[in-house]
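Let me begin by presenting the structure, written as structure tokens, before commenting on it.
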Amino acid sequence: MADTKKKKRASLSSFTILLIILVALAVITVIMAACGVEGIEGATLSGVLTAPVFGFQDAIGVCLFVMILGGFLGIVTETGALDAGIAALVHKLKGNELVLIPILMFIFSIGGTTYGMCEETVPFYLLLAATMVAAGFDSLTGAAVVLLGAGCGVLGSTVNPFAVGVAVDALSGIGIAVNQGIIIALGAILWLTTTIISIIFVMRYAKKVKADKGSTFLSLQEQQDMMSEWGMTDSEAEAADGQEMAPKMTGRQKATLIVFALTFVIMIVSFIPWEDLGFDGFVAGQSYEEVTTTMTGEEVATFIDGATTTTIAEPVEAVSVSEEEVTPAWSSFLTGIPLGQWYFDEASTWFLLMALIIGVIGGVSESRFVKAFINGAADMMSVVLIIALARSITVLMASTGLDMWILNNAANALAGMSAIIFAPLSFLLYIVLSFLIPSSSGMATVSMPIMGGLASQLNFSVETMVMIYSAGNGLVNLFTPTSGAIMGGLALAKIEYSTWLKFGAKLFVVLGIVCMVILTAAMLILPGAA
């Protein structure tokens with residue numbers, strides 16, 4: 001009994017871990033401010049208490065998306081199509097279930113390297129957990145397929161606009177030219193190398209679990225949760241043992257699964273920045289015209305400085321020139337935004353619409369629809385709160401200046417070092433910073449003018465510095481508790497954060513060493529800034 005109590009006490013929930021991190025960082029800033037550290041403002045009690053609220057506010061788009069997604073999945077589950085589809089897939093792959101892992105991980109990695117697939121992976125944790133359990137593996141295998149697949153893609157970003165795109169733009173803003181070809185080549189090396197290593201790791205684990213259920217990393221409680229959520233009943237297990245007949249699906253269920261798959265395909269297509277990749281098909285028909293507006297003296301004063309009262313003597317003649325859309329793109333008829341430019345508001349609209357359509361196709365009555373949708377959304381509330389709490393840490397760090405203090409001081413310490421020392425230390429710096437700023441675009445905006453500028457001054461390759469940032473930030477986003485997508489996804493798969501760390505610890509170290517070696521070699525080989 002004593003051992004059981006100890007085990008239960010040692011397993012902290014995601015909420016508790018995030019609250020401890022929030023309070024610990026707040027205390028650190030108070031101590032630093034009290035010691036007179038320049039650039040640090042000590043966190044206040046009100047700042048700590050309101051951080052989760054502002055975190056929720058900051059993440060409201062993704063939180064609403066997750067809730068509507070829960071309602072959508074609730075409707076799909078109500079039709080029975082998802083369970084029937086998974087059963088049919090597993091029956092068809094009988095004996096070859098392992099092949100699902102490399103195929104799915106590679107597909108997720110493509111999403112990561114091209115458009116930074118992260119929060120968009122949240123719904124797949126639930127789907128892959130159910131699929132992998134039905135295939136004879138465990139829910140941890142399903143979570144690993146999603147997280148490591150998309151994560152390794154982001155780590156080796158090639159054309160990801162939210163990572164390398166923002167980084168290149170930040171460097172251009174300070175007058176540093178960047179060779180995109182080198183970035184794509186180096187990103188592809190990191191992407192493929194880390195993805196292959198991760199695929200081998202997950203396949204070896206899955207193979208062990210299938211052969212011996214005792215090989216799982218899941219605790220007894222997690223295994224019970226997994227089986228109660230996705231495990232087969234005794235009668236279903238007996239039927240599966242017979243294997244005489246393939247699971248049968250109704251016409252409604254088949255149609256539901258087709259629409260279900262189409263929903264996710266459109267979501268993925270809508271998030272990819274096609275225009276940045278040179279494809280303008282989704283914005284065809286869109287046109288703009290310049291609109292010139294005459295401004296009065298009072299309007300000019302407001303335009304110059306809206307915070308203070310500025311007096312401008314009349315008469316004043318000024319004009320404002322802006323572009324207004326005349327004809328919308330053909331693909332914007334549903335949400336007002338063309339495919340390729342969607343974000344979470346548009347995705348929420350799409351999933352709400354498709355929930356209604358699937359309800360009609362699946363023959364779900366009005367009363368069953370409302371109940372299933374509300375219950376599905378309610379199941380996601382813990383995920384929503386975890387995402388908001390994770391975002392609160394970023395909010396607190398920005399308000400106290402701790403993130404910028406670490407960055408500026410580390411950059412000064414790195415100045416004057418040789419490439420063979422500069423590259424790995426820069427990588428380690430980004431690992432530290434990424435705990436404070438898990439957002440890839442936020443990290444690029446804040447850090448690249450400093451670190452990229454430093455690399456240019458030292459005549460090192462700025463392209464390698466871009467990939468050091470991408471790899472360091474991407475590696476940390478495989479396991480950082482400050483990422484709402486990770487904590488929310490693990491909660492959906494009913495996996496404790498501590499279990500994920502135990503499972504992936506060795507892999508994370510190996511991936512870090514591999515990235516460091518590749519990037520250090522690139523810094524030594526590639527030419528520096530002209």
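Values below: all heavy atoms of this structure, side chains included; hydrogens, waters and symmetry mates excluded. Keep in mind that what you see is a predicted model, and the values were worked out from it rather than measured.
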[Y] and [X], any side-chain heavy atoms less than 4.5 Å apart:
X    : Y    : value
M467 : S470 : yes
I21  : L25  : yes
W191 : I110 : yes
T400 : M397 : yes
D403 : V446 : no
S198 : L511 : yes
L429 : L425 : no
L526 : F460 : no

task: Determine the interplanar angle of the F264 and F351 rings, folded into 0 to 90°, and report it as parallel if under 30°, tilted if 30 to 60°, perpendicular if over 60°.
output: perpendicular
Which value, rounded to the nearest 0.5 Å, describes the distance between [X] atom [atom1] and [Y] atom [atom2]?
X    : Y    : atom1 : atom2 : answer
Y430 : I468 : OH    : CD1   : 8.5 Å
M523 : I420 : CE    : CD1   : 12.0 Å
I60  : F65  : CD1   : CZ    : 14.0 Å
M443 : M451 : CE    : CE    : 10.5 Å
F56  : L385 : CZ    : CG    : 6.5 Å
I450 : L407 : CD1   : CG    : 4.0 Å

field: Check against side-chain contact (heavy atoms from CB on, under 4.5 Å), I200 and I196
entry: CA-CA 6 Å; I200 293 170; I196 290 169; 4.0 Å; yes
message: If the condition is ring-ring contact (aromatic ring centres under 6.0 Å, His included), which residues does Y125 pass it with, not counting sequence neighbours?
response: none
Donor-acceptor under 3.5 Å ([X] side chain, [Y] main chain):
X    : Y    : value
S139 : A129 : no
N473 : Y469 : no
S219 : E222 : yes
T349 : D345 : yes
T499 : L218 : no
T520 : A423 : no
T121 : C118 : yes
S270 : M267 : yes
T482 : F435 : yes
W274 : V269 : yes

Locate the shortest heavy-atom distance separating [X] from [Y]; write the atom from each residue and the value.
X    : Y    : answer
A43  : V30  : O-CG2, 3.3 Å
L475 : G512 : CD2-CA, 3.6 Å
A167 : M448 : CB-CG, 3.6 Å
G488 : I386 : N-CG2, 4.0 Å
Y497 : T480 : OH-C, 4.0 Å
V168 : I183 : CG2-CD1, 3.7 Å

statement: Tested for side-chain contact (heavy atoms from CB on, under 4.5 Å) against M380, the lone hit among L73, I68, V122 is L73
statement: By side-chain contact (heavy atoms from CB on, under 4.5 Å), L19 pairs with (sequence neighbours left out) L389
message: My understanding is that only residues two or more places apart in sequence, or in another chain, count here; which of them pass side-chain contact (heavy atoms from CB on, under 4.5 Å) with I266?
response: L262, L339, W342, W350
- request: Can you tell me which residue pairs pass the side-chain hydrogen bond (donor to acceptor under 3.5 Å, both in side chains) test with a partner in residues 141-156, sequence neighbours excluded?
  value: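 As it turns out, the side-chain hydrogen bond (donor to acceptor under 3.5 Å, both in side chains) pairs with a partner in residues 141-156, which skip direct neighbours, are D138-T141.
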message: Filter on side-chain hydrogen bond (donor to acceptor under 3.5 Å, both in side chains), then keep only pairs touching residues 410-427, sequence neighbours left out; what's left?
response: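 For residues 410-427, and leaving out neighbouring residues, there are no side-chain hydrogen bond (donor to acceptor under 3.5 Å, both in side chains) pairs at all.
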message: Would F124 and L147 count as a side-chain contact (heavy atoms from CB on, under 4.5 Å) here? Give the steps.
response: CA-CA 10 Å; F124 293 104; L147 209 167; over 6 Å; no
- request: Please step through side chain to side chain donor-acceptor pair (under 3.5 Å) for the pair Q341 and E275, ending with a clear verdict.
  value: CA-CA 9 Å; Q341 297 179 20; E275 289 177 86; 2.6 Å; yes
task: May I ask you to check whether F503 and F508 place their ring centers less than 6.0 Å from one another?
output: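 Centroid distance F503-F508: not below 6.0 Å, so no.
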query: Would one find more than 12 heavy atoms of other residues, nucleotides or ligands at under 6.0 Å from atom CD of E41?
result: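 Open.
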message: Quick one, S172 with V178, criterion side-chain contact (heavy atoms from CB on, under 4.5 Å). Give me CA distance, side-chain angles, the key distance, then yes/no.
response: CA-CA 8 Å; S172 299; V178 179; 5.5 Å; no
- request: Just do the side-chain contact (heavy atoms from CB on, under 4.5 Å) check on F108 and V146 with the steps written out, would you?
  value: CA-CA 7 Å; F108 280 119; V146 181; 4.1 Å; yes
message: Tell me every residue that passes salt bridge (charged side-chain N to carboxylate O under 4.0 Å, His left out) with D58, counting only those two or more places apart in sequence or in another chain.
response: R391
